[in-house]
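To find a chain, count down the sequence lines: A is the first, B the second, and so on, and within it residues start at 1. Keep in mind the model is a prediction, meaning the values are calculated, not measured.
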Protein chains: 2
Amino acid sequence: MKSIKDIALKANVSIGTVDRVLHNRPGVSERTKKKILKIIEDYNYTVNPVASILASKKTYTIATLLPENISSDEFWESPKQGIANAIEEIKNLGFLINNFHFDQFSSNTYIDAFHKMIDSKPSAVLIAPIFNKETRDLIGLLENQNIPYVFINTETEGLNNLSFIGQDSFKSGLLAGKLMNWVLPKKAEILIIEIRKDISNYTSINNRINGFRDFFKTSKKSIAIHNLHFDHVENSETLKNQLDNYLSKYPNIKGIFVPSSKVSTVAKIVESLDKKDIEIGGFDTTNDNIKYLKNGTVDFLISQNPVQQGYDGIKLLFNFLTHQIKPEKHYFSPIEIVLKENVDFL
Amino acid sequence: MKSIKDIALKANVSIGTVDRVLHNRPGVSERTKKKILKIIEDYNYTVNPVASILASKKTYTIATLLPENISSDEFWESPKQGIANAIEEIKNLGFLINNFHFDQFSSNTYIDAFHKMIDSKPSAVLIAPIFNKETRDLIGLLENQNIPYVFINTETEGLNNLSFIGQDSFKSGLLAGKLMNWVLPKKAEILIIEIRKDISNYTSINNRINGFRDFFKTSKKSIAIHNLHFDHVENSETLKNQLDNYLSKYPNIKGIFVPSSKVSTVAKIVESLDKKDIEIGGFDTTNDNIKYLKNGTVDFLISQNPVQQGYDGIKLLFNFLTHQIKPEKHYFSPIEIVLKENVDFL
DNA sequence: TATATTTTCGTGTACGCACACGAAATTAAT
DNA sequence: ATTAATTTCGTGTGCGTACACGAAAATATA
């Protein structure tokens with residue numbers, strides 16, 4: 001393994017000079033700079049990050065801003081796990097993490113946490129920009145201080161985020177359509193159930209629905225697709241009654257598509273209605289969803305590997321801060337098909 | 001962050017003494033040892049691995065033994081990529097890699113490469129034990145020298161491998177059965193095509209077939225499942241003729257299951273026979289397979305994320321060598337469902 | 001008590017790099 | 001040519017740890 005010393009030796013300069021060109025510091029003539037860069041190239045030299053970190057007592061702090069865990073939606077547990085994994089790897093390389101949380105049903109808590117995050121003066125931040133408008137209002141605070149930020153899970157167009165890590169919602173909806181079509185008997189009708197107590201992921205969910213419908217449109221299967229929308233999820237009795245009525249009114253509905261992680265809520269009701277011939281598909285491998293997948297009430301789930309999203313987000317910031325490696329503007333998360341048969345192997 | 005120096009200061013000893021108790025080296029009286037341990041406890045001290053790695057000039061070399069790339073089967077490209085990724089991460093931590101290759105159709109080259117690998121005196125090895133018998137014959141050479149070894153992709157029972165990283169073949173076959181059942185119209189018959197020019201993965205392939213059949217057995221679908229076996233793949237004309245004859249003889253065959261990565265070979269023939277109503281499913285996302293998946297000739301592939309397998313194998317050895325972390329005996333690779341709609345997002 | 005032996009510990013150097021300080025070389029000003 | 005100003009570069013120290021060497025202290029042997 002070649003070191004700075006080897007480069008200096010070969011170039012007939014001191015290690016200080018090599019150090020200067022490595023860090024683009026002034027004080028080196030063009031001539032010697034070229035010479036040294038050539039040798040670095042030839043030797044295929046890269047700085048030893050271990051020694052580098054030890055020498056520079058620099059410490060970076062990354063802040064994260066994600067929804068807090070609530071019992072009814074432990075989806076965010078996963079990216080947090082990925083973040084934790086990444087931090088475990090880099091904590092000894094001078095990295096600290098600072099997690100901020102907000103209530104995903106209250107934009108005020110988001111604004112509040114956003115400010116607190118900025119007050120902590122992080123080197124970079126990772127945000128799940130659930131609230132579109134508020135994010136646009138606040139993002140200037142980060143840009144003023146030149147704090148790089150990456151978005152995760154929820155896309156927000158038109159901002160200067162370093163990167164976005166998330167699924168192509170339209171395509172994942174399209175895939176859901178294909179799977180639903182496979183699962184259903186001919187001539188069956190489909191019901192799309194939106195449960196939007198949260199306004200979160202608004203565009204994502206719409207895109208999923210668009211993709212889903214697009215599958216049936218382009219494959220020229222003329223299938224009736226119904227829509228049901230619930231604002232509240234608390235009162236599961238009303239929900240149950242409404243769904244029961246609707247299914248009775250349209251007995252040809254044999255498939256339910258839930259374009260969010262609220263699959264288990266629907267599955268629970270369908271199970272209690274004892275409608276065994278109804279197939280259900282939806283998103284995200286939360287524990288509850290997996291439960292109904294395993295017992296057969298839910299037929300398929302589509303996952304985006306949220307653990308990986310969190311991990312990648314941190315690693316990306318790490319590489320950017322330490323090696324100035326500019327990430328892609330958009331990292332597409334996998335669109336994983338999860339069935340009863342492979343749910344144990346993810 | 002407390003350092004060794006702080007501990008030494010507090011304990012009224014030199015850093016050398018602290019170092020001794022940290023590494024459980026002899027030469028420290030019980031009394032001072034206890035004292036130092038107490039302070040370490042109080043200070044909540046942990047060694048700084050960065051400095052530790054820098055100071056210990058220890059270098060490990062990991063050897064790998066995998067089939068070489070041949071144009072007709074670039075499957076092994078993937079785990080090699082994963083290995084390369086892992087090495088990139090740990091090369092600065094004193095790790096070197098030494099890759100050995102063999103011809104997957106010639107056990108002699110395997111034996112030869114195996115010996116060369118041992119001669120290189122590696123700290124640990126990662127093997128794709130394609131040749132069962134030869135592996136059992138040679139494994140003693142590793143054990144004599146106490147060289148830890150992990151298996152990848154192909155399971156070999158009853159040996160003292162540190163770990164095995166690979167798919168549950170039976171379960172993946174079962175899943176293939178489910179998918180095939182979804183894809184096929186009622187009453188269709190199925191043909192399983194084995195192309196075993198290579199004797200590799202013998203048990204894996206059998207397990208996949210067993211799993212596949214098991215799906216139809218337990219789900220009580222009485223479907224006729226045919227079997228066709230080809231030893232050679234070179235002469236694609238004979239292969240084509242044989243397949244043509246067979247399909248003509250059994251016109252109800254609407255699904256072909258290829259329990260190996262040789263899906264594209266079959267797909268090519270089916271395409272040239274212009275049998276558009278035949279659905280094909282198989283394994284592994286090689287470039288050729290993906291090509292036929294995208295153009296619709298192949299309906300589904302099952303992947304085991306071979307890139308990840310290579311990556312995990314090296315990381316696992318790294319953790320074992322540096323931190324004495326004993327891995328699980330068996331890491332199950334994911335069973336990924338790959339369709340036209342999600343193949344671009346893996 | 002004097003000497004040998006063993007146990008216990010302190011010192012010094014190295015790992016590869018970052019960065020400050022100041023010296024040498026070059027160029028400009030007089 | 002002399003001095004001043006500027007550019008270019010070399011040296012030294014420290015980051016926290018590993019480890020070899022040898023010295024001091026404790027204990028054993030005579």
Side-chain angles (χ1 to χ4, degrees), chain A residues 1-40 43-60 90-96 123 321-324, chain B residues 1-40 43-60 89-96 321-324:
Chain A
M1 204 61 170
K2 299 285 183 189
S3 76
I4 259 192
K5 206 160 45 178
D6 300 311
I7 311 282
L9 203 70
K10 182 76 176 176
N12 264 323
V13 296
S14 78
I15 59 172
T17 306
V18 177
D19 178 70
R20 265 168 223 120
V21 341
L22 280 177
H23 294 83
N24 256 319
R25 271 194 280 256
V28 186
S29 68
E30 263 317 302
R31 222 168 56 86
T32 52
K33 183 169 180 177
K34 278 236 172 76
K35 183 169 64 172
I36 289 172
L37 283 175
K38 172 91 171 59
I39 295 172
I40 288 178
Y43 277 12
N44 221 315
Y45 168 85
T46 52
V47 295
N48 182 336
V50 173
S52 173
I53 282 153
L54 186 62
S56 86
K57 287 141 290 192
K58 228 180 293 172
T59 58
Y60 300 95
I90 64 176
K91 70 175 179 191
N92 296 110
L93 310 184
F95 273 75
L96 276 178
S123 317
L321 291 173
T322 58
H323 308 339
Q324 289 82 44
Chain B
M1 206 61 169
K2 298 287 183 187
S3 78
I4 262 192
K5 206 159 47 176
D6 301 312
I7 311 282
L9 204 70
K10 181 78 177 178
N12 264 323
V13 297
S14 78
I15 60 172
T17 306
V18 177
D19 180 69
R20 264 167 223 119
V21 341
L22 280 177
H23 293 83
N24 256 321
R25 274 193 278 256
V28 185
S29 68
E30 262 318 301
R31 220 168 57 86
T32 53
K33 184 170 180 176
K34 276 238 173 72
K35 182 170 62 173
I36 289 172
L37 283 176
K38 173 87 170 61
I39 294 173
I40 288 178
Y43 277 11
N44 220 315
Y45 167 86
T46 53
V47 294
N48 180 337
V50 174
S52 174
I53 285 160
L54 186 61
S56 88
K57 285 144 297 198
K58 228 178 293 171
T59 60
Y60 299 95
E89 279 185 27
I90 64 177
K91 73 175 178 192
N92 296 109
L93 311 184
F95 274 74
L96 277 178
L321 291 173
T322 58
H323 303 106
Q324 289 83 45

Could you tell me how far apart [X] ([atom1]) and [N] ([atom2]) are, to the nearest whole angstrom?
X	N	atom1	atom2	result
Lys35(A)	dT8(D)	NZ	C1'	12 Å
Arg31(B)	dT7(C)	CZ	P	18 Å
Asn24(B)	dA18(D)	CG	P	13 Å
Arg20(B)	dC21(D)	CZ	C1'	10 Å
Asp6(B)	dT17(D)	CG	C1'	13 Å
Ile36(B)	dT17(D)	CD1	P	14 Å

Can you confirm whether [X] sits close enough to [Y] that some side-chain heavy atom of one is under 4.5 Å from a side-chain heavy atom of the other?
X	Y	result
Lys2(A)	Asn44(A)	no
Ile4(B)	Leu22(B)	yes
Thr322(A)	Leu93(A)	no
Thr46(A)	Lys91(B)	yes
Asp6(B)	Lys10(B)	no

- prompt: Think Thr17(B) has a side-chain N or O under 4.0 angstrom from the OP1 or OP2 of dG10(C)?
  reply: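 The answer is yes; a side-chain N or O of Thr17(B) sits under 4.0 Å from OP1 or OP2.
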task: Look at all strands and tell whether Asn12(A) reaches a base, only sugar-phosphate, or nothing, counting heavy atoms closer than 4.0 Å.
output: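 Sugar-phosphate contact only - Asn12(A) comes under 4.0 Å of backbone atoms but never of a base.
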Roughly how far, to the nearest 0.5 Å, is [atom2] of [Y] from [atom1] of [X]?
X	Y	atom1	atom2	result
Leu321(B)	Phe95(B)	CG	CZ	5.0 Å
Thr17(B)	Lys35(B)	OG1	NZ	9.5 Å
Ile53(A)	Asn48(B)	CD1	CG	10.0 Å

Scan nucleotides 15-19 of chain C against the protein and return all N/O pairs shorter than 3.5 Å with their distances rounded to 0.1 Å.
unit_1, atom_1, unit_2, atom_2, d
dC15(C), O2, Leu54(B), O, 3.2
dC15(C), O2, Ala55(B), N, 3.3
dG16(C), N2, Ala51(A), O, 3.4
dC17(C), OP1, Tyr45(A), OH, 2.5
dC17(C), OP1, Asn48(A), N, 3.3
dC17(C), OP2, Ile4(A), N, 2.5
dA18(C), OP1, His23(A), NE2, 2.8
dA18(C), OP1, Ser52(A), OG, 3.1
dA18(C), OP2, Asp19(A), OD1, 3.1
dA18(C), OP2, His23(A), NE2, 3.3
dC19(C), OP2, Arg25(A), NH1, 2.8

query: Quick one: bend of the helix from dT1(C)-dA30(D) to dT30(C)-dA1(D) from 5 pairs per end, to 10°?
result: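 It comes to 60° between the two terminal axes.
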task: Can you spot which of Val18(A), Val21(A), Asp19(A) makes a side chain to side chain contact (heavy atoms under 4.5 Å, CB included) with Ile7(A)?
output: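 Among Val18(A), Val21(A), Asp19(A), the one that satisfies the side chain to side chain contact (heavy atoms under 4.5 Å, CB included) with Ile7(A) is Val18(A).
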